[in-house]
Amino acid sequence: MSSPRLSLFSHLRHVSTPSRCLATGKALAPTTTFLSQSRQNKAQPSRTFTSSASQQNWLLPNRKIKFKDPKGRPRMPTGGSTRGTTLIWGDYGLRMRDHDRRVSASQLKIGEEVIRRRLRGQNFRLFMRISAGTAVYTKGNESRMGTGKGSFDYWAARVPVSRIIFEVKADVHEQVIRDAMRLAANKLPGLYEFVKKGDPPVMGITKLTGEVTAASLQRPRKPLPHVNVPSDNNTANRLPSTTP
């Protein structure tokens, strides 16, 4: 229902007339109001680039889960490789030395926190050489075959043998860094060793020092020293007989 007061303004109409200059009387060009300008500014697209580096979480990949990853094993080149076994940015590091394994993201996070807690108040920088990018799925006990891989459980990293996990660059005594790496190794599964800048690389579990080189390990066959065995040295003749 319309009130009597509103009916008085029903015959009014809004007519836009161009504004005129008071001095010359000529019509001026239409101008936009402050409200329309603010709306136009909001409609402009935002910047699609930035000069600052993006902060990525090394324990959580950016990719979306489109398919379930197989269990898999760490990739090891059949021809032999020393990639990832030496330090790059830091002066000290922690290297796995027993065998390849799968380390969960929570275990890596605990190791990182232990190092940062031990070196708190010192001038240091911590580098992570691996990332947790493998999804692990689990399902309940006593489940029948053919029910699938199960539901997502946690993120993990496939760490091959002799791979550097943490690097530290700091103006601190070596014994302090060694103690921090020892505490981190106790929180991680497997056996680890403390490495320094300039230590030789490792191919598999063999360190390339002295005469042991990558070319010698990649040879199909290693020459063995020739041993002269006398013909009369027969094991069957030297053993006593058990029958009369």
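Any value given below was found using the heavy atoms of this structure, including those in side chains, with hydrogens, waters and symmetry copies removed. These numbers come from a predicted model, not from an experiment.
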What do the steps show when you test Leu126 against Ile115 for side-chain contact (heavy atoms from CB on, under 4.5 Å), and what is the final call?
CA-CA 8 Å; Leu126 180 62; Ile115 296 177; 4.1 Å; yes

Non-hydrogen side-chain atoms of [X] and [Y] separated by less than 4.5 Å:
X	Y	value
Tyr192	Met181	no
Leu208	Thr213	no
Thr206	Leu217	yes
Ser81	Met203	no

How close do [X] and [Y] get, heavy atom to heavy atom, and via which atoms?
X	Y	result
Ile130	Ala157	CD1-CB, 4.4 Å
Asp100	Pro160	CB-CA, 3.7 Å
Met96	Val103	CE-CG2, 4.5 Å
Lys139	Gly148	NZ-O, 2.9 Å
Lys68	Gly150	NZ-O, 2.6 Å
Asp98	Gly190	OD2-CA, 3.4 Å

Verify the cluster assignment for [X] and [Y]: are they in a single hydrophobic cluster under the rule of side-chain heavy atoms below 4.5 Å apart?
X	Y	answer
Tyr154	Ile110	no
Leu94	Leu108	yes
Ile165	Phe124	yes
Ile177	Phe166	yes
Phe127	Leu87	no

Quick one: which of Lys207, Arg182, Arg163, Arg178 gives a salt bridge (charged side-chain N to carboxylate O under 4.0 Å, His left out) with Glu193?
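That would be Lys207; it is the only one of Lys207, Arg182, Arg163, Arg178 passing the salt bridge (charged side-chain N to carboxylate O under 4.0 Å, His left out) with Glu193.
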
Six-ring centre of Trp89, Arg129 cation under 6.0 angstrom, axis tolerance 45°:
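Judged by the rule, Arg129 and Trp89 form a cation-pi pair.
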
For this output row, return yes or no: ring centroids of Tyr92 and Phe194 closer than 6.0 angstrom.
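Judged by ring-centre distance (under 6.0 Å), Tyr92 and Phe194 do meet the cut-off.
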
How long is the span from the [atom1] atom in [X] to the [atom2] atom in [Y], to the nearest 0.5 Å?
X	Y	atom1	atom2	answer
Arg118	Asp179	CZ	CG	4.5 Å
Lys109	Met128	NZ	CE	8.0 Å
Thr209	Asp199	OG1	CG	10.5 Å
Arg158	Thr134	CZ	OG1	4.0 Å
Trp155	Ser104	CH2	OG	13.5 Å
Leu183	Leu188	CG	CG	11.0 Å

Ignoring hydrogens and geometry, is there a side-chain-to-backbone donor-acceptor pair from [X] to [Y] under 3.5 Å?
X	Y	answer
Ser162	Gly204	yes
Ser131	Gly133	no
Asp171	Asn123	no
Lys197	Ile88	yes

I'd like to know whether [atom1] of [X] has more than 12 heavy-atom contacts from other residues, nucleotides or ligands below 6.0 angstrom.
X	atom1	value
Leu191	CG	yes
Lys196	NZ	no
Arg125	CZ	no

Check step by step if side-chain contact (heavy atoms from CB on, under 4.5 Å) holds for Val176 and Leu119.
CA-CA 8 Å; Val176 179; Leu119 301 179; 3.7 Å; yes

Take Asp69 and Val136 through the test side-chain contact (heavy atoms from CB on, under 4.5 Å) and record every step on the way to the result.
CA-CA 8 Å; Asp69 298 333; Val136 180; over 6 Å; no

side-chain contact (heavy atoms from CB on, under 4.5 Å) evaluation trace for Arg101 with Val161
CA-CA 8 Å; Arg101 63 182 66 252; Val161 64; over 6 Å; no

